[in-house]
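Computed over heavy atoms, backbone and side chain alike; hydrogens, waters and symmetry mates excluded. Residue numbers start from 1 in every chain, and the chains themselves are labelled A, B, ... in the order their sequence lines are given, proteins ahead of strands. The structure displayed is predicted, hence computed values, not measured ones.
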Amino acid sequence: MPSRAAIRMKHPSFSVSVTTASQLHDAVDRLLPLLRADASHASAARAIAAAVASFRPPSTLLSNRILHLLSSHPATLPDAVALLASLPSTDVCSYNTLVAALGRSSRGLASARALFDRMPRRDHFSWSAVISAHARHGQPRAALAIYRRMLREPGSAGADNEFTASSALAAATAARCARAGRELHCHVVRRGIDADAVVWSALADMYAKCGRVDDARSVFDRMPVRDVVSWTAMVERYFDAGRDGQGFRLFVRMLRSGIQPNEFTYAGVLRACAEFTCEKLGKQVHGRMTKSRAGDSCFAESALVHMYSKYGDMGTAVGVFRGMPKPDLVSWTAMISGYAQNGQPDEALHYFDMLLRSGFRPDHVTFVGVLSACAHAGLVDKGLGIFHSIKDEYGIEHTADHYACVIDLLSRSGLFERAEEMIDTMSVKPNKFLWASLLGGCRIHKNVRLAKWAAEALFEIEPENPATYVTLANIYASVGLFDEVENTRRIMELKRITKMPASSWIEAGTRVHVFLVGDKLHPQAEEIYALLKKLYLKMREEGYVADTGFVLHDVEDEQKQQDIGYHSERLAVAFGIIATPKGAPIKVFKNLRICGDCHTTIKLISKIVQREIIVRDSNRFHHFKNGSCSCRDFW
DNA sequence: TATGCAACAC
C-alpha cells in the first residue's frame, strides 16, 4: 500500500496539490531552488514537512528529502535539526546533509561539529564537510587536526580521497601553513589521489597563497588537467603578488587554449585592470565579456562598475549598473563608492537612498562608501548622523574603518577637538587608515601637534612607510619648522627608508607614458617643457604665484619653483594636451597624492586649454574643468 | 561533500 496524503496549499509564489509520494518528490524539487533563493518560501517548506510527518507508514526516503529541503536555507535550518532529532532511524546521509548545511555559516559551525561528533558512522562526505566548514570559518588549524584524526581512525581509510584531501588543502591554505601544505602534497602523491583537477588546483593555490607563487606555477604547469578554475586561480595569484604582467600573459594563454572564462575569471581580470590602470585592456575585456554568458552575472558586472569608477568614468559605470537586471548589494555599494571617490557626494548619497528604498540592508562596506562621500564633501552633520545610525538603526557594530572615515571627515573640516575626543573614546583599536586620515587633515590645516601624534602611531604600525615621513616633513615645512624637516629627513636616512619616487602616467595611442619629476627622457620632452613654459606665462598674466609650501626641501624660492614647475603630473598633463585630439578629456594617474600647487595649476590649465582634465591620485579623483575641480578644493 | 569568489577608507 503506497503512502498517501493530501496536501493542498497556496502561497504567493508556490501552490501545490499532491496526493502521492512521487508528486511530493516533484513538489520538493520545485520548491528547493525557490527556498534556496528566498526565505519567503519557508512556510511552504514547513507545510510540506508537516504533511510528510503524518505519512503512514513513515518513509525514510521522503524524510531525507524533506531534511534536504529544510537544510537549504538558514531560516529553516532549525526545523531540519528538530526533524533529524525526531526521526526514529537515521542514516549517514541525513546527518551529512545537515552537517554540511550547518557548516555553511560560521554561526552553525559549533552545531555542525557537535552533530558530526554524535554520528554513529562517518563517510568521506561527513569528514569533508566538517573539515571544510572549519577551514572556511576561521578555524583552519582545527580543520587540519580533524583531517589527521581521520587518518588515524580505524575504518576510515576509504574516506581518505580527493574530497577530503582538497578540503584539508584548503585548510592549510587558510592557515597560510606551507609546511602542512607540503606534507599534504607528499601525502596525495603517495596515496595516488593526485589525478584530480580539484586537488591540483587546491595545491597550486596553497603554494601561491603561502607566498610561493613560483612553486604554484610549477604545480600549475605539471597539472594533468587544467580547468577554468585552475587557470583563474593562477591568474589571480599573479595579480595578488603584484605581478600583473605575468597575470595578463597567463590570461591571454588561457584564452588561446580555448578555455572559456567564467564570471570569476572576468571579475578578477577586471579588478586587476582597475588596480593596474590598464584602461584599454579593461575595455577589451569588457567587450569580450559582453559577448559571453559570463557577462550576465552580477558578480562580473559589479567588477565592471568598480573598474570604470577607478578610471574616473562614472558615465560608463552608471550605464553598466542601469543595464543590470538585478543589481545586488555589492553593485549598489560599488556605485556609491565610485561616486564618493569621483567627487560626486550628492550622487553617492542619492544612490544610498535608492538602495534603502530597494529594500537592501546596507553592510559595513556600504557605510564606508557613504561615509567617505560625506568626508570628501565636508558634510559633517550628515556624516555623523549616518555614523550613529550604523549602530542605532542598522545594528551593525562600528568597525575601525568606520571610525577612520569619521576622523577623516572631522579632521578635513578642522574639527580637531572632536576628532581627538572620538579617538580617545572609540570602542575599537584605531587602524592605520584612521591615523593617516588624521595626518592628512593636519596637513590641510597645518596642525603640528596632532600631526606628531598621528605620525608616531603610524610609525608603530608601519615603520617602513615613507609616506608618513614625507607628509610629516611637509607639515613642518608648511609652518616654517625647517629644523624639524631636516630632522625627519635624517631619521629617514638613518632607517634607510627611501621615498617612493612620484610618478604619473597617461595612456595615449597604444602606449602608457610614464613621467617622473623633471624627467626629460620622453622623446617629446622638448615640446612638453615648451608648452608648460607657455602655459606658465599665461597663468602669471592671470596673477598666479606658485605656492612653495608643498616642497619638502628648505631651499631658495627660485629653486623650489623649478622643482614644483615640473612635477610628474604636470608633465603628463602637458603631454596629454599634445598627444590627444583637441577638446578630448585628458586622464592622468599618479602614484602619490597630487601636490597642492599642481592642483591649482591644473585648474588654471583646464581653463586655458578648455579641456577636462582628470587626475586620479593615490586616494581619489580630481575632475578639473574650466578653472575648478570636482573636489571643490576640499581634499 | 572538495579547488577559483565581485564592492570600502589614507
Side-chain angles (χ1 to χ4, degrees), chain A residues 93 96-97 99-101 103 123-133 135 159 161-171 173 196-206 208-209 227-237 262-268 270-271 274 297-307 309 328-338 340-341 363-373 375-376 399-409 411 431-441 443 454 458 462 465 467-468 471 593 617-620:
Chain A
C93 284
N96 283 346
T97 308
V99 169
D123 60 10
H124 73 100
F125 189 111
S126 343
W127 288 102
S128 178
V130 82
I131 291 168
S132 55
N161 64 5
E162 64 270 32
F163 290 97
T164 43
S166 40
S167 303
L169 275 167
T173 309
D196 184 273
V198 175
V199 172
W200 278 93
S201 253
L203 261 177
D205 209 51
M206 181 276 296
K209 285 194 177 148
D227 60 9
V228 61
V229 177
S230 3
W231 281 95
T232 304
M234 193 63 238
V235 169
E236 282 296 292
R237 298 294 83 80
N262 63 16
E263 67 264 39
F264 297 123
T265 323
Y266 280 118
L270 291 169
R271 186 174 55 88
S297 128
C298 227
F299 213 83
E301 291 198 286
S302 296
L304 262 186
V305 169
H306 171 242
M307 182 184 79
S309 308
D328 65 4
L329 180 63
V330 173
S331 329
W332 282 97
T333 301
M335 285 304 296
I336 293 167
S337 312
Q341 279 190 14
D363 70 1
H364 66 108
V365 182
T366 315
F367 282 114
V368 171
V370 178
L371 289 174
S372 76
H376 286 310
T399 66
D401 293 340
H402 297 148
Y403 278 105
C405 290
V406 175
I407 294 304
D408 191 23
L409 173 69
S411 54
N431 63 11
K432 62 175 178 174
F433 299 116
L434 184 145
W435 294 116
S437 295
L438 181 63
L439 190 62
R443 190 189 56 83
L458 282 169
E462 37 172 22
N465 189 350
T468 312
T471 309
R593 185 201 282 267
D617 69 10
S618 56
N619 55 11
R620 66 168 299 163

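- Aromatic rings of A:Phe299 and A:Phe264 (six-membered ring for Trp) have centroids within the 6.0 Å cut-off, being under it.
- Taking 4.0 angstrom as the limit, A:Arg237 places none of its side-chain polar atoms (N or O) nearer than this to OP1 or OP2 of B:dT3.
- When distances are taken from the side chain of A:Ser128 to each of B:dA2, B:dA7, B:dC8, the shortest belongs to B:dA2.
- A close approach under 4.0 Å does occur between a side-chain nitrogen or oxygen of A:His376 and OP1 or OP2 of B:dC10.
- Between A:Ser618 and A:Arg593, the shortest heavy-atom distance links the atoms OG-N, 3.3 Å.
- Looking at heavy-atom distances under 4.0 Å, A:Asn96 makes no contact with the nucleic acid at all.
- Atom C1' of nucleotide B:dG4 and atom CE of A:Met206 are separated by 15 Å, given to the nearest angstrom.
- One finds no side-chain N or O of A:His306 lying less than 4.0 angstrom from the OP1 or OP2 phosphate oxygen of B:dA6.
- Look at A:Phe433 and the base of B:dC10; the rings do not stack under the cut-offs of 5.5 Å between centres and 30° between planes.
- Here A:Phe163 does not pack flat against the base of B:dA2, since the 5.5 angstrom centre distance and 30 degree tilt limits are not both met.
- Atom CG of A:Leu409 is separated from atom C1' of B:dC8 by 16 Å (rounded to the nearest Å).
- The phosphate of B:dC5 (OP1 or OP2) has a side-chain N or O of A:Lys209 nearer than 4.0 angstrom.
- As a whole-Å value, the separation of A:Asp363 CG from B:dA7 C1' is 8 Å.
- Nucleotide B:dC5 holds its C1' atom 8 Å from the CD atom of A:Glu236, rounded to whole Å.
- For A:Val229, the side-chain atoms get nearest to B:dG4 when compared with the rest of B:dG4, B:dA2, B:dA7.
- We find that the ring of A:Phe264 and the base of B:dC5 do not stack by the test of centres under 5.5 angstrom and planes tilted less than 30°.
- In this structure, CH2 of A:Trp200 is placed 18 Å from P of B:dT3, rounded to the nearest angstrom.
- Taking every side-chain heavy atom of A:Asp408 into account, B:dC10 is the closest of B:dA7, B:dT3, B:dC10.
- Computed from coordinates, the A:Met335 CE to B:dC8 C1' distance equals 15 Å when rounded to whole Å.
- No side-chain heavy atom of A:Val368 sits under 4.5 Å from any side-chain heavy atom of A:Ser337.
- Partners of A:Asp408 according to the salt bridge (Lys or Arg N to Asp or Glu O under 4.0 Å) rule, which considers only residues two or more places apart in sequence or in another chain, are A:Arg412.
- For A:Ala303, the side chain to side chain contact (heavy atoms under 4.5 Å, CB included) criterion is met by A:Ala267, A:Leu270, not counting sequence neighbours.
- Within 4.0 Å (heavy atoms only), A:His124 reaches at least one base atom of the nucleic acid.
- Distance, A:Asn161 CG to B:dA2 C1': 9 Å, rounded to whole Å.
- As a whole-Å value, the separation of A:Phe367 CZ from B:dA7 C1' is 15 Å.
- Among the atoms of the strands shown, none is found under 4.0 Å from any heavy atom of A:Asn431.
- Residue-to-nucleotide contacts include no donor-acceptor pair under 3.5 Å from the side chain of A:Ser166 to the base of B:dT3.
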